[in-house]
Each structure stands twice: as structure tokens, then as C-alpha cells.
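Here the structure is laid out as C-alpha cells; the discussion comes afterwards.
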Amino acid sequence: MSKKNRVTDEEALSYHLDPTPGKLEINASTPMATQRDLSLAYSPGVAVPVEAIAANPETAYDYTTKGNMVAVISNGTAILGLGNLGALASKPVMEGKSVLFKRFADVNSIDLELDTEDPEEFISAVRLMGPSFGGINLEDIKAPECFIIEQRLREVMDIPVFHDDQHGTAVICAAGLLNALHLTGKKIEECKIVLNGAGAAGIACIELIKAMGAKHDNCIACDTKGVIYQGRTEGMNQWKSAHAAKTTDRTLEEAMTGADVFLGVSAKGAVTQDMVKSMADNPVIFAMANPDPEITPEDAHEVRPDAIVATGRSDYPNQVNNVLCFPYLFRGALDIRARTINDAMKIACAEALAKLAREDVPDEVAVAYGQKLTFGRDYIIPTPFDPRLIYTIPPAVAHAGIDTAVARKPIVDFDAYTVSLRSRMDPTASMLEGLHNRAKTKNARMIFAEGDDIRVLRAAVAYQRSGLGQALVVGREDDVKAKLTAAGMEDSYRELSIVNARNTEHLDTYRSFLYSRLQRKGYDAQDVHRLASRDRHVFSALMLAHGHGDGLITGATRKSAHVLELLNHVLDVSPEDGAVGVTALLRNGRIVLIADTLVHEWPDEHTLADIAERGAATARSLGLEPRVAFVSFSTFGYPVSERAEKMHIAPKVLDERGVDFEYDGEMTVDVAMNLDVMASYPFCRLSGPANVLVVPARHSSSISVKLMQEMGGATVIGPILSGVDHPVQICSTTSTSNDILNMAVMAACNVG
């Protein structure tokens with residue numbers, strides 16, 4: 001794991017404990033409010049689909065969750081890099097895998113841990129559960145049992161059975177290899193390929209690469225005893241024997257001489273610089289051991305600048321990450337009701353991934369990663385948060401499944417299918433991940449003004465340990481240490497930079513600056529001294545104004561109006577200065593921004609136009625293309641009301657300004673956000689649901705946000721302070737530590 005993104009034991013346990021134990025829950029997808037609902041859901045209504053399924057088993061895909069449900073199953077005999085720790089210990093990993101299915105491809109999933117190391121018992125248990133699921137994802141099962149289990153289950157079950165440790169790695173490896181060979185001008189059938197690590201993943205990699213055209217005797221597999229050659233008897237089994245090559249090479253070092261490709265799924269340091277030196281021109285090195293690769297990219301490039309290097313780590317280019325494969329592979333397989341996942345579907349997945357990496361990278365991905373990604377030696381594999389994955393990979397998999405006759409329900413209209421996949425995207429998670437990636441590139445020194453609050457301290461620790469930048473906590477050293485110790489985080493105290501008026505060397509400079517701003521506003525020198533040395537909000541703002549920090553987070557312990565008043569002593573964050581508060585609401589995969597939620601009490605039409613421009617700018621800084629609606633209780637002039645008139649006039653103000661984003665109004669919220677309702681007004685200028693709502697007054701925004709938060713369960717980020725010269729963000733007094741961290745990320749990215 002990168003030293004810049006450290007996770008402590010306490011943090012990991014807390015994440016799995018709060019707010020409820022574990023990482024997933026089950027929610028009903030149909031109404032359950034009335035007695036009639038319950039009668040339909042259970043007795044007597046449930047009898048009707050029961051009889052339908054008994055008469056025609058295929059209708060189970062229509063009337064139950066089977067068609068979008070995958071079981072993640074393990075016995076815990078090979079948990080991550082931890083070994084055989086048992087079925088129960090594997091549960092956190094399997095829950096995590098289930099969450100990834102949902103997060104990336106909207107596939108429902110449940111984890112099942114089987115307490116047996118007997119392959120026959122395992123096979124029998126999974127086979128008997130087959131009717132419940134549309135697919136089986138096997139995970140963390142040691143070799144060679146994993147080969148036996150997967151092979152037998154594929155033979156006896158009529159749904160996809162996929163061991164991700166084997167085939168997920170193989171698919172991503174194959175995708176990257178296709179692009180690496182494309183860049184070097186080599187052909188797979190002519191390459192000498194060396195594999196180190198003949199376990200589940202290694203054998204799957206070499207099998208898939210051979211299926212794609214690599215020659216058997218050009219592929220040299222090695223294990224801990226050396227090269228797997230024809231005639232070797234020591235440490236062999238039927239799976240290794242299938243890949244024994246005719247070769248005189250006996251060691252990894254010998255095999256590496258003249259090799260075009262190295263594939264490593266073995267151990268840290270297994271490859272030396274001398275081995276890399278001996279490889280052919282433009283060598284391709286996939287050092288995929290985790291957490292530390294067989295050789296680091298730095299060491300490989302030091303002796304071979306012409307090498308293309310991939311690893312399993314996120315802090316290096318070209319990450320071989322299984323999350324690029326299994327959610328989308330299953331998505332495509334489920335959508336055609338596939339009987340199995342075959343080589344053709346895996347190859348289609350690899351080829352689609354390779355092709356995607358060669359295409360122009362959209363701006364939102366570049367914004368998310370803080371850099372422009374271009375196909376080349378440092379970008380041969382798509383990034384995990386590329387929004388195109390969900391509508392690019394499943395159609396390729398589905399096509400292959402249909403062409404090879406494993407589909408029960410072939411897709412007829414692939415254009416419509418692609419559109420439906422786009423709707424499964426969760427922009428909220430992508431947005432937040434993108435912001436975190438941008439923040440890491442900024443590496444901002446973030447000032448956390450309220451170091452006497454444990455929520456703020458937790459956020460500061462998380463900011464620092466996530467590799468986002470340096471956390472500067474304003475507070476008393478003894479108080480900060482005591483609060484962290486009480487929270488079980490004593491070790492984090494040494495990582496934070498504690499700043500206050502007593503230990504800064506800049507207090508005189510701060511006082512002089514503040515006096516120059518306030519001397520004609522009724523403040524004398526003693527007042528200024530008290531503010532600069534005793535008020536944490538003012539002190540923090542002074543740090544920011546003098547460049548002693550790059551961003552500021554405050555507001556968790558005081559009302560926002562009071563905090564704004566204090567900040568205005570130092571920074572220009574008043575309504576007259578152009579400040580606007582924009583709150584992001586995240587709910588059911590949708591993002592909506594509401595403005596103004598912080599600064600303007602009762603804006604007129606010109607100020608509303610200003611607010612719309614700031615809201616649009618904030619949307620763009622979050623990676624959204626703004627569609628602004630001026631919302632009211634009236635729609636396009638009806639009913640007529642003096643209170644709604646300014647909402648009617650504000651769009652005309654924007655007309656005069658010639659802005660470059662979509663807007664319209666006034667309109668009710670349902671017209672703004674529901675396409676079916678919007679269709680009743682064909683003259684509406686919005687091309688889709690509004691994602692920026694400009695409201696008539698601050699009280700209406702406050703009511704809307706809190707109602708959505710309390711009744712709708714929306715995640716609230718903000719208000720995001722926009723239109724000011726310094727990156728300042730003000731949290732609410734009800735913020736959690738995660739909310740505060742998100743606001744720190746906003747400040748680091750200078751959102752707004």
C-alpha cells in the first residue's frame with residue numbers, strides 16, 4: 001500500500017463497525033406500506049408467480065431477483081495475501097466484493113462463506129444453491145482446489161461460475177498486454193512470454209493468452225522450483241503439466257533472457273535488474289504481486305527505459321485491477337441470461353478494455369485524475385473510475401455470449417441496451433472519487449480551524465493518511481492529544497501539525513494585517529489582538545490570507561452566519577463580494593445542486609442570475625455539465641404571483657449576459673427534474689433534468705435541503721462556498737467526520 005494512503009487498524013475496524021456492522025444491507029424494491037402491498041408481496045399474491053415459475057422456470061428471471069443477483073462465495077483458504085484464515089474471517093472480503101458489484105455495475109450480490117475445505121462438500125453446497133442466483137463468483141480459494149471446484153461447478157450448473165482470482169486478473173492482464181504489444185509493434189504469436197507464479201491467477205493468465213494466440217512453447221511458466229518444462233516431475237500437478245514447455249531453460253533468470261513479456265503473480269523482489277536487462281527490446285513487464293511487485297517500475301526503468309511496466313498498485317501507472325473486469329463481465333452475462341462465461345466472453349472483455357484505453361479520454365476522467373490521460377506507455381489500461389466502462393464492456397461481453405450460443409435471452413437492440421447501461425451509472429461515487437484524485441495531485445496544506453472537536457480531528461487524520469495533503473490543525477496541543485487518545489487514535493497525534501497563536505512566529509504579522517482591515521470599523525488594537533490570538537476562525541483565516549495554508553475548513557462548531565461574519569474580518573466572503581453557497585444533494589445516483597443556501601437572504605433577479613452563474617461554475621468544477629432551473633411554485637408564468645416574478649425575470653437577465661450553459665424558468669421542481677412532466681412544456685430549453693436549482697430565497701433552500709436530508713435520505717455536501725478569492729469551505733454543525741473530509745477535498749480542489 002502506498003505510504004501516502006495509509007489505513008490504520010483503528011480506522012479499518014471503525015469503517016466496518018459504524019454506522020452499522022458490516023458493509024451492506026437489504027432493502028425492499030417494491031412498496032411495503034399497506035396490507036394490500038403485503039398481500040401482494042407474500043400470501044396470497046405470491047402464489048401466482050410461484051405457479052408461473054413452476055410451469056416455466058425461465059420466468060424466475062422475470063419475477064424474482066435471480067437475473068441480477070450474484071453470490072460471492074469463499075471458504076477462506078486463500079484470503080488476499082493473508083493465507084488460510086477460514087470461512088468466517090473471509091466474510092469482510094466477500095462483503096466488500098459484493099459492494100463492488102453494486103457500486104460499479106449495479107449488480108446485486110450477497111456473500112456466502114462455506115465452512116469446509118473439502119472440494120466435494122463445497123461443490124455440493126454451491127450446486128444446491130444454484131436456483132437462487134444468476135451467477136456465482138468464487139473468491140479466495142486456494143489452488144489446486146479452486147481449479148477442481150470451478151471446473152466441476154461449470155459442468156453441473158447452468159449459470160455463470162467465475163473464479164475472479166483466476167480469470168479477473170487474466171482478463172485485465174490480457175487487455176494491458178494487447179495494448180503493450182500494439183505500442184511495441186510485436187505480435188503475440190511471436191513473443192517469448194515468461195510467467196512467474198503458477199498458482200490460480202498465473203495459470204489463468206497463461207491459458208487466456210494462449211487462447212488469444214500465444215504459442216505453447218513460447219510461454220515459459222515458472223514456480224518456486226524453477227521452469228515448468230516437459231519431463232519435470234518435482235512439484236507438478238495436472239494444471240502445471242498442461243503448460244510444461246519444450247525448453248532448456250531451468251531457472252527464472254535463464255527464462256528471462258530474450259523474453260518479450262514477463263508476467264508476475266508471485267512475490268516481492270522475484271525479478272532483478274539484471275533479469276530485466278537481459279530481456280528483448282521494448283520489454284513488457286507485468287509485475288502484479290501485491291502489495292509489492294516483483295520489481296518496481298523505478299528499478300525496471302533505471303536499467304530499461306524502453307520497458308512498459310504494469311503493477312497491481314494504484315500509486316503507479318497501468319494498474320492491473322480486477323474491478324475493471326468482474327462487475328462488467330457479470331453485467332453482460334446476466335443481461336443475456338448466460339449459461340456460462342466462456343473464453344470468447346473473457347477475450348471480448350479484454351479486447352473492449354484495450355480498445356477503450358486507446359480512445360480519447362473524456363474531460364471528466366481527466367478532471368477526476370488531475371491530468372490528461374493519453375494512450376501510451378503509462379496508460380495501457382483504463383482507469384477504474386472511467387464512466388465509459390459500464391456502457392462499453394457489457395455490450396462486448398453480451399455480443400460474444402450471443403455469438404457463442406450461451407445466451408438464454410439474446411439482446412435485439414444493442415443501441416437501446418447501451419442507453420440503459422448509461423442509466424446504471426452512479427455519478428455521485430464517480431464525482432467523489434474524482435475529487436479525491438484531484439485533491440491528491442494538489443497536495444494542499446489544509447487548515448482545520450476547530451481542533452477541539454473530535455469530528456474535525458478524525459477528518460484531519462483521514463485527510464493526511466489518505467495522501468490528500470498536510471493537515472494543519474488549529475488547537476491546543478494538550479487538548480488535541482487528549483481528544484485523539486480518548487478516541488483510540490493516540491498514534492495519529494504525531495502525524496498532525498498543531499498550530500496556534502502561542503507557537504506561530506507570524507502573530508505580529510497577523511495582528512498588523514487585521515488592524516489595517518478593522519481600524520475604521522470600530523475595532524481598536526486590543527480588540528484585534530483578542531481576535532487574532534483567541535478566535536480560531538479568525539486565526540485560521542489569517543493563516544490562509546498569508547499563504548500559510550492552502551485551504552480552510554471551519555463551521556463544524558458554530559453557526560454558519562456567525563462563522564461568515566468572523567471570516568469577513570480577514571477575507572472577502574460577503575454577499576457584496578460575490579460569495580454564494582451551493583449545496584450538493586446526492587441521492588439514488590443523482591446529483592443536484594441547490595443555490596443559494598448560505599449567503600443571500602432574499603436575492604433580486606440580478607442576484608439570482610449571479611447565483612445561477614456561480615451554481616453553473618460549481619457544477620462544472622464537479623465534472624457536471626450544468627442545466628440550471630429557476631424554481632418556484634409557479635411554472636412559466638402561472639399561477640401569477642408577485643413573489644414568483646423575479647424567478648420569471650432572472651432567465652431574461654441571463655439572456656442579456658449571453659452565458660454558455662443551459663437554463664430556464666420559472667418552473668416547479670417536478671417540471672425541472674422529471675422528463676415526463678417537462679415534456680408537457682415542449683418549449684422548455686433544458687435538454688434534460690436540471691442539476692442546478694436556483695431557489696427564491698435562503699429560507700426555501702434551507703427547508704429543501706433539510707427535508708431531503710431527513711426524509712429523503714440524501715447525502716448533503718456543503719454548502720460549498722463559491723465566488724470567493726480563497727479556498728474556504730464552511731461545514732454545518734451537524735456534519736460527520738466524513739462530511740468534513742469531503743468539504744476539505746472541495747477546498748483542496750478549489751471547487752466553486
Side-chain angles (χ1 to χ4, degrees), residues 24 26 57-58 60-61 64-79 87 90-91 93-102 104-171 200-201 204 322-323 325-346 349 394 397-398 401 404 406-409:
L24 69 163
I26 294 175
E58 290 299 307
Y61 287 92
T64 75
T65 61
K66 179 180 175 70
N68 195 43
M69 178 68 75
V70 169
V72 178
I73 306 180
S74 180
N75 62 2
T77 52
I79 305 174
S90 74
K91 188 170 177 62
V93 183
M94 303 311 121
E95 285 187 1
K97 193 64 173 284
S98 296
V99 170
L100 293 179
F101 267 112
K102 188 66 176 179
F104 286 98
D106 194 24
V107 173
N108 294 324
S109 180
I110 191 70
D111 64 291
L112 298 169
E113 293 72 37
L114 302 183
D115 192 12
T116 179
E117 294 188 22
D118 183 335
E120 293 302 323
E121 287 186 346
F122 192 103
I123 291 165
S124 178
V126 175
R127 179 182 64 81
L128 293 173
M129 290 187 290
S132 299
F133 305 106
I136 303 292
N137 185 102
L138 302 174
E139 192 83 10
D140 288 358
I141 304 168
K142 68 183 177 72
E145 288 89 339
C146 63
F147 301 122
I148 299 169
I149 289 169
E150 187 194 39
Q151 181 177 334
R152 287 274 302 284
L153 286 175
R154 290 185 63 184
E155 292 170 356
V156 300
M157 300 185 78
D158 65 346
I159 57 175
V161 177
F162 184 83
H163 186 204
D164 186 50
D165 297 322
Q166 295 181 57
H167 308 298
T169 302
V171 168
N322 285 20
V323 81
C325 171
F326 69 84
Y328 310 110
L329 188 62
F330 268 97
R331 179 76 275 153
L334 290 171
D335 290 339
I336 59 171
R337 300 181 184 175
R339 294 181 175 83
T340 187
I341 292 175
N342 56 28
D343 281 350
M345 296 163 77
K346 289 182 282 186
C349 183
V397 172
T404 53
V406 299
R408 289 186 180 87
K409 185 183 179 183

For Asp165, which residues count as a salt bridge (Lys or Arg N to Asp or Glu O under 4.0 Å) partner, sequence neighbours excluded?
-> none
Non-neighbouring partners of His163 that pass ring pair (Phe, Tyr, Trp, His ring centres under 6.0 Å), sequence neighbours left out | none
Identify, with sequence neighbours excluded, every residue that meets salt bridge (Lys or Arg N to Asp or Glu O under 4.0 Å) alongside Arg152.
-> Glu120
Residues in ring pair (Phe, Tyr, Trp, His ring centres under 6.0 Å) contact with Tyr328, at least two apart in sequence or another chain = none
Flag side-chain contact, heavy atom, 4.5 Å: Met94 against Glu139 | yes
Should the ring pair Phe101 and Phe326 be called parallel, tilted or perpendicular, given that the plane angle runs from 0 to 90° and is split at 30 and 60?
-> perpendicular
Heavy atoms only: give me the nearest Val72-Ser98 pair and the separation to one decimal.
-> CG2-OG, 3.7 Å
Just by modelled atom types, is the Ile79 backbone N or O under 3.5 Å from a matching donor or acceptor in the Ser90 side chain?
-> no
Shortest non-hydrogen separation from Leu329 to Met345 and the atoms involved = CD1-O, 3.9 Å
Hey, are the side chains of Val397 and Ile341 touching, using non-hydrogen atoms and a 4.5 Å cut-off?
-> no
Distance in Å, Ile123 CD1 paired with Met157 CE, rounded so as to fall on 0.5 Å steps | 11.0 Å
If only atom types and distance count, is the side chain of Thr116 paired as donor or acceptor with the main-chain N or O of Asp118 below 3.5 Å?
-> yes
Taking atom types as modelled, is there a side-chain donor on Thr340 or Asn342 under 3.5 Å from an acceptor on the other?
-> no
For Arg337, which residues count as a side-chain contact (heavy atoms from CB on, under 4.5 Å) partner, sequence neighbours excluded?
-> Tyr61, Asp62, Arg408, Lys409
Indicate yes or no for a side-chain donor-acceptor contact from Arg331 to the backbone of Ala105 under 3.5 Å, with no hydrogens or angles considered.
-> yes
Least distance between heavy atoms, Leu100 atom then Pro327 atom = O-CG, 4.4 Å
Residue list, salt bridge (Lys or Arg N to Asp or Glu O under 4.0 Å) with Asp343, at least two apart or on another chain = Lys346
Above 12 or not: heavy atoms from other molecules or residues under 6.0 Å from CG of Leu128?
-> yes
Which residue pairs pass the ring-ring contact (aromatic ring centres under 6.0 Å, His included) test when at least one of the two sits in residues 104-129, sequence neighbours left out?
-> Phe104-Phe385
Looking only at heavy atoms, what is the nearest atom pair of Pro119 and Glu145, with distance?
-> CG-CG, 3.7 Å
For residues 122-136, the salt bridge (charged side-chain N to carboxylate O under 4.0 Å, His left out) pairs (sequence neighbours left out) are none
Quick one: side-chain contact (heavy atoms from CB on, under 4.5 Å) partners of Ala201, sequence neighbours excluded?
-> Thr169, Val265
Is there a donor-acceptor pair closer than 3.5 Å between any side-chain N or O of Asp115 and the backbone N or O of Ala87?
-> no
Sequence-distant partners of Lys91, side-chain contact (heavy atoms from CB on, under 4.5 Å), two or more places apart = Glu95, Asp111, Glu113
Tested for side-chain contact (heavy atoms from CB on, under 4.5 Å) against Ile73, the lone hit among Val126, Val161, Ile110 is Val126
Just one of Asp140, Asp164, Val70 clears the side-chain contact (heavy atoms from CB on, under 4.5 Å) bar with Lys97, so which one?
-> Asp164
Sequence neighbours excluded, which residues qualify as salt bridge (Lys or Arg N to Asp or Glu O under 4.0 Å) partners of Lys102?
-> Asp106
Report the residues that fulfil ring pair (Phe, Tyr, Trp, His ring centres under 6.0 Å) with Phe147, sequence neighbours left out, ordered by chain and then residue number.
-> Trp239
Please report the closest heavy-atom contact between Ser132 and Met69, naming both atoms and the distance.
-> O-CG, 4.3 Å
